[in-house]
**Student:** 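Let me begin by handing over the structure; questions about it come next.
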Amino acid sequence: MLIFTARRIAYTIPIMLGVSLVCFALVHISPGDPLVSILPPDASVELQEQLMAIYGFDRSYPEQFFRWLGRALQGDLGNSIATGRPVTSEVMNAVGNTLILAVTATIIGFTLGGLFGFVAGFFRDSWIDKLASTLAVVGVSVPHYWLGMVLVIIFSVELGWFPATGAGPGGSSQWAWDWEHMSHLVLPAVTMSVIPMGIVARTVRALVADILQQEFVTGLRAKGLLDRGVLAHVIKNAAPTALAVMGLQLGYLLGGSILIETVFSWPGTGFLLGQAIFQRDLPLLQGTILVLAMFFVILNLVVDVVQSALDPRLQRG
Amino acid sequence: MAVAQTDIETLATADKPRGYWSGVGRRFLKDKVAVAAGCVAGGLILMAIFAPWVAPQDPFDGTMIRRLSPIGTEGYPLGADELGRDMLSRLIYGARLSLFMGVTPVLIAFVIGSAIGIAAGYAGGWVNSITMRVLDVFYAFPSVLLAIAISGALGAGILNGLLSLTVVFIPPIARVAESVTTAVRKLEYIEAARASGASAFTIVRAHVLGNVLGPIFVYATSLISVSMILAAGLSFLGLGVSPPNPEWGLMLNTLRNAIYVQPWLAALPGVMIFLTSISFNMLSDGLRSAMDIKQ
Amino acid sequence: MSDAILSAHNLVKHFNAGGWGAARKVVRAVDDVSFDVAPGETLGVVGESGCGKSTTARLLTHLLPSDRGEVRFRGRVAGTEVPLKEFRRHVQMVFQDSYASLNPRMTMLDAVAFGPTVHGVDQPEARRRAGALLERVGLDPARFGPRYPHEISGGQRQRVNIARALAFDPDVIVLDEAVSALDKSVEAQVLNLLTELRRERGLTYIFISHDLNVVRHISDRVMVMYLGEVVEIGPTADLYTAPRHPYTEALLAAMPSLDPDRRTMEAPLQGDPPNPIDPPPGCRFHTRCARAFGPCPGTAPVPALVGRRHLASCHLNTVKEAAE
């Protein structure tokens with residue numbers, strides 16, 4: 001187990017380096033001078049050179065990369081060009097909000113998706129199964145940003161049940177677990193939960209159907225064990241896979257929240273990214289993407305390790 | 001990850017050439033859902049090609065008088081957008097850019113990804129390991145994030161959008177291509193071909209391609225649905241296509257402010273994205289089961 | 001032997017079985033294997049599965065690079081003195097799995113014609129030759145030429161594979177369990193075809209099989225392998241009547257006999273072969289050998305001449321000679 005964990009971590013380090021390299025490259029593939037957005041249009045050549053030196057843009061790429069990486073490891077991702085505030089604090093504020101949204105969405109998506117999939121797998125080829133399969137296809141095919149708009153139209157514009165945008169009353173970005181805030185969470189979380197729902201339903205359905213066909217379940221049934229006993233076994237056996245899917249989906253939601261956050265003006269990382277893109281604030285863009293990608297890599301690592309702890313067979317290969 | 005792992009052994013060995021394609025066709029035609037999806041997808045493509053003949057009005061021509069006319073307005077069956085342009089015509093014309101932006105990256109990624117994957121899979125050894133580790137780096141980004149990161153850095157524009165989406169789809173296609181090729185490479189007919197003294201290039205051309213391109217292609221078609229959603233999503237964010245071009249994601253973006261005035265009108269472009277995405281998804285599923293590729 | 005058509009010199013092939021650095025594990029699939037094959041003869045290679053027979057075949061045909069040692073064709077080193085492409089025209093191979101060794105998307109005629117086109121024969125000529133070869137191996141080219149592998153039987157596919165090997169007009173054919181997967185009656189037909197072809201074209205065969213009856217039937221000489229090493233090699237008649245290695249004895253005793261009185265119920269070889277990742281020291285067979293004695297666990301025996309063209313690696317032989 002320890003060896004497996006160590007090997008898995010050792011494997012992750014080059015990936016993280018690669019990820020940071022890609023994030024570093026983002027600023028340099030962007031057309032035009034990186035300073036263009038902060039330089040006054042009539043800036044002198046001296047000022048330009050001075051700023052280049054301050055930001056380190058006059059050094060070689062490898063040197064710039066390692067200096068940038070070194071600072072990033074100490075938690076310094078530079079300053080936002082638009083606001084002048086440190087990128088790290090901006091991103092950390094936003095990450096909290098995104099996590100609230102993504103975790104809620106994961107819980108909703110897994111509860112409903114798991115339920116659908118379970119029922120569908122248990123009553124295979126019944127109308128419930130067909131309905132669940134259809135929902136699964138719809139779930140992966142629907143443009144979720146559009147679904148968000150439709151939900152806003154129905155529940156905010158037409159019915160007026162939930163607020164359409166923001167994370168709290170008066171555009172406050174401080175989160176609290178009260179109804180005022182939670183009512184803002186409902187629509188974006190439900191929208192986002194559709195992303196994993198279809199995949200979860202499909203996975204759980206296949207798992208349940210597969211396990212039900214296995215000999216030990218047939219054996220349990222033959223022994224006259226109640227369906228509840230069978231159920232417990234099914235759940236126990238399906239747990240590691242379900243957990244893995246859940247972890248990965250949470251990761252995807254962290255990254256995929258961008259469009260949904262934009263629709264709902266949810267003050268998370270996606271919204272921050274949207275702003276960074278709109279204002280061509282490259283340090284902010286780079287920092288946000290780096291943090292999100294690292295989250296995803298670490299989440300993958302944790303999922304793998306936990307999953308293999310639950311199911312030691314996975315440690316091989 | 002989000003990529004469907006295909007059962008490689010079946011892919012590589014279960015092919016039955018004589019009458020194989022006619023068998024695929026027969027099985028596909030029996031699948032009513034897939035045929036219906038194929039018809040919808042085909043219809044959308046025809047609509048895009050013949051847009052000037054199908055569309056009742058000029059998609060760029062608007063007057064502020066008709067601004068945000070509701071659905072069902074005389075002469076404007078689907079209403080008019082925020083600049084008074086005919087919604088129906090814009091949706092029809094929108095198919096051109098939207099399909100182009102969604103399908104092209106997958107096609108380019110199919111060519112590049114297959115080349116990388118087949119080369120890595122056939123070479124094996126350290127070439128394979130290094131290639132796959134590099135691809136793993138791109139895998140470490142959720143696809144939406146990577147697409148937005150790259151086109152966010154490059155800035156708006158059709159070419160930048162295409163480029164970023166292509167980069168997103170190369171790694172998954174290369175990975176599938178690599179695993180299918182690795183499975184095929186281990187078969188004895190490849191060894192026999194090597195024993196004949198043929199060069200690696202000749203073997204890949206004569207013996208590998210025919211046996212791996214089918215499964216890779218089916219996998220690539222399953223990405224079109226994702227690509228459509230992502231491409232429209234980029235335009236929705238203000239990246240990708242820029243106004244006044246009709247494109248569904250961009251239309252969704254510009255009409256977003258109108259949801260309090262004409263809510264259902266604002267949602268129309270999304271219906272088109274959804275329709276395209278789901279029909280390509282079902283088409284790909286049908287193709288997969290018709291070709292007997294296990295998921 | 002300098003007149004050998006094909007010879008192996010100290011071939012070594014180790015496979016990685018995981019682990020890094022000091023913990024690295026290797027499978028010693030082929031360990032220091034040397035032998036000669038004379039023109040026109042058939043050398044049978046026998047041994048339990050996992051003894052390195054197939055790896056040896058792939059090293060001989062240069063489908064696998066060897067870690068050490070060399071293969072010589074007519075005295076010249078394959079891969080350097082004889083360019084690989086030329087070597088492959090002379091040395092061909094037929095594989096065990098008749099289905100897997102044919103491209104599922106190629107017709108039989110194209111499969112046979114592929115090789116010659118690689119060597120510069122133009123398409124019509126290659127197809128004409130392929131048709132003639134199909135005919136020679138007993139398949140009507142008009143009927144079987146346009147077919148795909150899944151449409152014909154295992155025996156027919158193996159005939160196609162033989163035709164494909166013949167398309168180069170080779171001198172040597174390595175047959176790796178080429179008839180093992182076939183039904184007994186079909187096997188006999190294919191063996192007869194091989195015998196005819198050998199006579200007709202002066203072919204040299206290296207015939208690898210786990211079936212000692214078949215090997216006895218077709219081979220002039222037989223080589224016995226155990227855990228990646230050659231333990232005995234000699235003329236078929238001598239080796240079958242008077243084996244000089246306990247492992248060969250055990251294999252022969254385990255051979256299903258057609259004579260019911262000679263059938264034994266007890267297995268002369270107990271257990272599975274030891275793990276080739278960590279072969280026993282000394283003589284590799286001593287852990288399963290009924291006649292192991294003093295030097296066996298400590299020193300590895302060296303091949304010793306025990307008869308005309310008959311070599312065996314066993315301490316019993318050297319000790320006996322010393323006593324005489």
Side-chain angles (χ1 to χ4, degrees), chain B residues 7-24 118 122-129 133 180-218 291-293, chain C residues 16 54 57-58 60-65 82-108 110-120 126 146-152 157 160-162 164-165 167-168 170 173-174 176-178:
Chain B
D7 189 325
I8 307 307
E9 292 302 323
T10 357
L11 298 194
T13 53
D15 286 49
K16 295 167 185 67
R18 164 69 67 91
Y20 172 70
W21 287 111
S22 69
V24 169
I118 292 173
Y122 189 76
W126 61 269
V127 177
N128 184 322
S129 306
R133 289 300 84 75
V180 183
T181 310
T182 303
V184 167
R185 187 179 76 113
K186 288 186 188 133
L187 296 174
E188 283 178 345
Y189 68 83
I190 301 295
E191 275 196 301
R194 285 174 54 215
S196 74
S199 67
F201 183 74
T202 310
I203 294 174
V204 168
R205 184 179 52 78
H207 293 284
V208 177
L209 283 186
N211 290 296
V212 300
L213 280 185
I216 305 173
F217 182 75
V218 170
M291 283 176 73
D292 202 18
I293 296 168
Chain C
N16 256 327
S54 285
R58 280 165 175 75
L60 275 182
T61 47
H62 261 267
L63 285 173
L64 271 179
V82 190
L84 220 49
K85 198 163 173 177
E86 191 199 327
F87 173 74
R88 299 212 143 123
R89 272 208 333 259
H90 298 296
V91 181
Q92 273 295 301
M93 183 154 173
V94 176
F95 300 86
Q96 169 169 16
D97 188 337
S98 66
Y99 186 67
S101 51
L102 288 166
N103 185 342
R105 290 180 190 274
M106 239 185 209
T107 64
M108 298 300 90
D110 287 338
V112 178
F114 176 75
T117 57
V118 165
H119 289 272
R147 296 212 180 177
Y148 287 93
H150 72 280
E151 297 173 319
I152 61 176
R157 279 197 295 264
V160 173
N161 283 320
I162 293 168
R164 175 173 61 186
F168 297 88
I173 300 182
V174 178
D176 183 13
E177 303 270 11

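Note on naming: letters A, B, ... go to the chains in the order of the sequence lines (proteins, then strands), and numbering restarts at 1 for each one.
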**Student:** Please classify the contact of C:R58 with chain B as side chain, backbone, both or neither, using a heavy-atom distance under 4.5 Å.
**Tutor:**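 The answer is the side chain of C:R58.
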**Student:** Does C:K85, at its NZ atom, have more than 12 non-hydrogen atoms belonging to other residues, nucleotides or ligands within less than 6.0 Å?
**Tutor:**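 Buried by this count: over 12 neighbours within 6.0 Å.
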**Student:** Hey, what do you get for CZ (B:R194) to CZ (C:R88), rounding to the nearest 0.5 Å?
**Tutor:**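 Here the rounded value is 6.0 Å.
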**Student:** What distance do C:R164 atom CZ and B:Y189 atom OH have between them, rounded to the nearest 0.5 Å?
**Tutor:**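 So the gap between those two atoms works out to 11.0 Å.
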**Student:** If I measure from the heavy atoms of chain B, does C:L102 come under 4.5 Å with its side chain, its backbone, both, or neither?
**Tutor:**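 Backbone of C:L102 only, per the 4.5 Å heavy-atom cut-off to chain B.
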**Student:** Can you tell me how far CD of B:E188 sits from CG of C:N161, rounded to the nearest 0.5 angstrom?
**Tutor:**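 The CD atom of B:E188 is 8.5 Å from CG of C:N161, to the nearest 0.5 Å.
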**Student:** Check whether any side-chain heavy atom of C:F114 sits under 4.5 Å from a side-chain heavy atom of B:H207, and report yes or no.
**Tutor:**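 Yes. Closest side-chain heavy atoms under 4.5 Å.
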**Student:** Counting heavy-atom pairs closer than 4.5 Å to chain C, which one of B:A193, B:A192, B:G197, B:S196 comes out on top?
**Tutor:**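 Most pairs with chain C among the choices: B:S196.
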**Student:** Decide yes or no for B:E191 and C:M93: does some side-chain heavy atom of the first lie under 4.5 Å from some side-chain heavy atom of the second?
**Tutor:**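 No - every pair of side-chain heavy atoms lies 4.5 Å or more apart.
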